[in-house]
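Okay, structure first, notes after.
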Amino acid sequence: FDFTTNIATFEDQVRIRRPTSIGKFDTLLCNLLRLRFEPETDVDDKRVSADDGTSGKTSTAKVSSKEKSSSHEGFQQLDLNLSFNRLHAEGNPAILTSDENKFVARTSELVYDARTKIAALSDNKNVKVKHRDIELFCPSITFVHDDKGDVHSAWCRGRGFLRRID
């Protein structure tokens, strides 16, 4: 975990399982996974000024309550008030599955933004997505999710095709 960027990095045969209901999981298998976190938005309006003493300029910034309570200057603390912001997975392929949704995606890159609820899958050849009885092949597929996590829309970019499986 990099304390300066709030990014957790996992490498070499990464396996993530998230239970969605009894006996069902969302699973991600990849070679590289980066998870970015951001501080919660409870920032006080109290401002701190800093002057380097040479330029005559003063900088002003908001300071969180965690930063104000730190009594050890120069040392970093783990901010426990972090929330998940973004996922970036790479693999050859990276495989995303959802038992509950009967969904499997194979891609070389997956980026998910938790704020916008957008998942972007890309591959130099084709992203391969199977959802129930439909297969979709395309170099770039973007899924937009609603607040419940259901796919609201999907955009496919590049030459590809869709087929139904019997």
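Each residue takes its place number in the sequence, starting with 1.
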Going through the distances and angles, do Glu90 and Asn31 end up as a side-chain contact (heavy atoms from CB on, under 4.5 Å)? CA-CA 6 Å; Glu90 296 176 9; Asn31 297 335; 5.9 Å; no

Identify which one of Cys30, Ser122, Pro93 satisfies the side chain to side chain contact (heavy atoms under 4.5 Å, CB included) criterion when paired with Glu109.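 Going through the options one by one, the only one that passes is Ser122.
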
Minimum heavy-atom separation for [X] to [Y], with atom names?
X: Gly23; Y: Asp99; value: O-OD2, 4.3 Å
X: Ala89; Y: Leu28; value: CB-CD2, 4.0 Å
X: His88; Y: Val111; value: CD2-CG2, 3.5 Å

For [X], is the [atom1] atom crowded, meaning more than 12 foreign heavy atoms sit under 6.0 Å from it?
X: Asn124; atom1: CG; answer: no
X: Lys130; atom1: NZ; answer: no
X: Asp133; atom1: CG; answer: yes

Determine yes or no for a side-chain-to-main-chain donor-acceptor pair under 3.5 angstrom, with Asp146 supplying the side chain and Asp150 the backbone. yes

To the nearest 0.5 Å, what is the distance between [atom1] on [X] and [atom2] on [Y]?
X: Leu33; Y: Gln13; atom1: CG; atom2: CD; value: 14.0 Å
X: Arg34; Y: Thr5; atom1: CZ; atom2: OG1; value: 10.0 Å
X: Ile16; Y: Phe10; atom1: CD1; atom2: CZ; value: 6.0 Å
X: Phe137; Y: Lys125; atom1: CZ; atom2: NZ; value: 13.5 Å
X: Asn92; Y: Arg106; atom1: CG; atom2: CZ; value: 11.5 Å
X: Leu121; Y: Leu110; atom1: CG; atom2: CG; value: 5.0 Å

Do [X] and [Y] make a side-chain contact, defined as non-hydrogen atoms from C-beta onward lying under 4.5 Å apart?
X: Pro139; Y: Asp123; answer: no
X: Ile141; Y: Thr107; answer: no
X: Leu96; Y: Phe103; answer: yes
X: Ile165; Y: Arg132; answer: no
X: Leu35; Y: Ile7; answer: no
X: Ile134; Y: Leu162; answer: yes

Trace of the side-chain contact (heavy atoms from CB on, under 4.5 Å) decision for Thr9 with Leu32: CA-CA 7 Å; Thr9 302; Leu32 175 66; 3.8 Å; yes

Run the side-chain donor-acceptor check on residues 151-161: report pairs under 3.5 Å with partners two or more places apart or on a different chain.
from, atom 1, to, atom 2, distance (Å)
Arg157, NH1, Thr142, OG1, 3.1

Under 4.0 Å between a side-chain nitrogen and a carboxylate oxygen: does that hold for Glu135 and Arg163? yes

Would Thr20 and Arg18 count as a side-chain contact (heavy atoms from CB on, under 4.5 Å) here? Give the steps. CA-CA 6 Å; Thr20 56; Arg18 179 179 71 129; 4.2 Å; yes

Consider only side-chain N and O atoms of Asp26 and Ser98, and report whether a donor and an acceptor are under 3.5 Å apart.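 Result is yes, a qualifying pair exists.
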
Decide whether Glu38 and Asn85 meet the rule of one side-chain donor and one side-chain acceptor closer than 3.5 Å. yes

For Phe1 and Phe37, run side-chain contact (heavy atoms from CB on, under 4.5 Å): C-alpha distance rounded to whole Å, both residues' side-chain angles, the deciding distance at 0.1 Å, then the answer. CA-CA 10 Å; Phe1 188 83; Phe37 298 86; 4.0 Å; yes

Group every Ile, Leu, Val, Met, Phe, Trp and Tyr by side-chain heavy-atom contacts under 4.5 Å, then state whether [X] and [Y] land in the same group.
X: Phe143; Y: Tyr112; value: yes
X: Val127; Y: Leu87; value: yes
X: Phe25; Y: Val14; value: no

